[in-house]
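The structure under discussion appears below in the form of structure tokens.
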Amino acid sequence: MQKDLTELWKIDMDGQVNGAVEICCGSFNRYDKYMNFSHPLIKQSFDPKACPWAYGMNIFDLDAWSKQNCTEYPTGRDRTLWKLGTLPPGLITFYSTTKPLNKSWHVLRLGYNPSISQDHIMNAAIVHFNGNMKSWLNIGLNQFRQLWTK
């Protein structure tokens, strides 16, 4: 965390349950990367081109969560619904109930993308070291190491 998060309380969630930064880039990194669209339930319920969002920094409207009953989806019963990873169950649960937040709240990919600009990093409230080359590891990206030791 690099900044005061108090401003998150002022965000109008517009009736959505989850607030998060989206992680799609053009046609790359869409729901089809995470979900098994050969499964009939996934095929009928989700758009393969939908933009996923990042774990790591989320805000939740618990009243909206209760009203929308979004956790009734059978995420734990059939693991053939998604490909590997921890993100798909959340993508299923909060599909169409996530409000996109400004990217300045959460900068991602500090464990595998060496080309993230210093300006983008310094303006972010939360920095996220997702990826295999986390700064505290020997294989870590050196340009981001000072963020971890800060």
Side-chain angles (χ1 to χ4, degrees), residues 1-135 141 144 147-148 150:
M1 187 170 74
Q2 302 189 121
K3 296 183 179 178
D4 183 356
L5 303 180
T6 305
E7 292 296 311
L8 288 170
W9 287 103
K10 297 178 182 174
I11 292 177
D12 180 357
M13 293 287 287
D14 299 317
Q16 300 290 46
V17 175
N18 177 33
V21 172
E22 292 181 321
I23 57 173
C24 51
C25 304
S27 63
F28 177 71
N29 208 19
R30 299 294 177 150
Y31 261 62
D32 61 356
K33 178 180 177 181
Y34 301 99
M35 312 305 289
N36 177 9
F37 278 90
S38 63
H39 192 289
L41 186 58
I42 294 296
K43 190 174 186 172
Q44 75 184 19
S45 303
F46 301 94
D47 176 2
K49 297 195 183 331
C51 185
W53 45 268
Y55 278 136
M57 207 263 347
N58 303 80
I59 57 175
F60 293 96
D61 180 331
L62 299 180
D63 290 330
W65 186 328
S66 178
K67 288 176 190 169
Q68 294 189 35
N69 226 6
C70 55
T71 50
E72 290 298 312
Y73 206 82
T75 57
R77 296 185 194 121
D78 186 355
R79 301 225 177 202
T80 64
L81 297 175
W82 64 83
K83 300 173 185 177
L84 294 176
T86 57
L87 185 57
L91 295 176
I92 291 171
T93 302
F94 300 110
Y95 181 72
S96 75
T97 64
T98 298
K99 178 183 176 79
L101 298 180
N102 187 293
K103 291 189 185 303
S104 68
W105 281 111
H106 187 196
V107 65
L108 299 122
R109 301 182 175 103
L110 296 177
Y112 65 85
N113 184 352
S115 63
I116 298 171
S117 77
Q118 285 296 321
D119 284 342
H120 188 63
I121 293 168
M122 299 319 290
N123 289 323
I126 301 289
V127 292
H128 193 153
F129 293 90
N130 59 322
N132 294 331
M133 297 181 289
K134 293 170 175 49
S135 295
L141 296 169
F144 304 139
L147 293 168
W148 179 252
K150 197 164 138 174

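Computed from a predicted model, the values in this text were never measured in an experiment.
Residue pairs that meet the salt bridge (charged side-chain N to carboxylate O under 4.0 Å, His left out) test with at least one member in residues 6-21, sequence neighbours left out, are Glu7-Lys10, Asp14-Lys99.
Partners of Trp105 by ring pair (Phe, Tyr, Trp, His ring centres under 6.0 Å), not counting sequence neighbours: none found. Residues meeting the ring pair (Phe, Tyr, Trp, His ring centres under 6.0 Å) test with Phe94, sequence neighbours left out: Phe60, Trp65. Scanning for side-chain hydrogen bond (donor to acceptor under 3.5 Å, both in side chains) contacts around Ser96 gives an empty result, with sequence neighbours left out. Listed by chain and number, the residues in a side-chain hydrogen bond (donor to acceptor under 3.5 Å, both in side chains) with Ser115 are Asn113 (sequence neighbours excluded). Applying the side-chain hydrogen bond (donor to acceptor under 3.5 Å, both in side chains) rule to Asp61 yields no partners; only residues at least two apart in sequence or on another chain are considered. Pro114 pairs by the side-chain contact (heavy atoms from CB on, under 4.5 Å) definition with Leu141, Gln143, not counting sequence neighbours. For Asp4, the side-chain contact (heavy atoms from CB on, under 4.5 Å) test picks out Thr6, with sequence neighbours left out. Partners of Asn36 by side-chain hydrogen bond (donor to acceptor under 3.5 Å, both in side chains), not counting sequence neighbours, listed by chain and number: Ser38.
Between Phe46 and Phe37, the ring centre distance reaches or exceeds 6.0 Å.
Considering all non-hydrogen atoms of both residues, Leu108 and Ala54 come closest at CD2-CB, 3.4 Å. The shortest non-hydrogen separation linking Tyr95 to Ala50 is CE1-CB, 3.9 Å. In this structure, Met13 and Asn18 approach most closely via the heavy-atom pair CE-C, 3.4 Å. Taking each heavy atom of Lys49 and Arg30 in turn, the nearest pair found is O-NH1, 2.9 Å.
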Only distances under 3.5 Å count here; give the side-chain donor-acceptor pairs of residues 122-132 to other protein atoms, sequence neighbours excluded, each with its distance to 0.1 Å.
unit_1: Asn123; atom_1: ND2; unit_2: Asp119; atom_2: O; d: 3.0
unit_1: His128; atom_1: ND1; unit_2: Tyr55; atom_2: O; d: 3.4
unit_1: His128; atom_1: ND1; unit_2: His106; atom_2: NE2; d: 2.9
unit_1: Asn130; atom_1: OD1; unit_2: Arg109; atom_2: N; d: 2.5

Does Tyr34 form a side chain to side chain donor-acceptor pair (under 3.5 Å) with Asn29? I'd like the steps, not just the answer.
CA-CA 8 Å; Tyr34 301 99; Asn29 208 19; 2.7 Å; yes

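The number of heavy-atom neighbours closer than 6.0 Å to NZ of Lys3, taken from other residues, nucleotides and ligands shown, is above 12.
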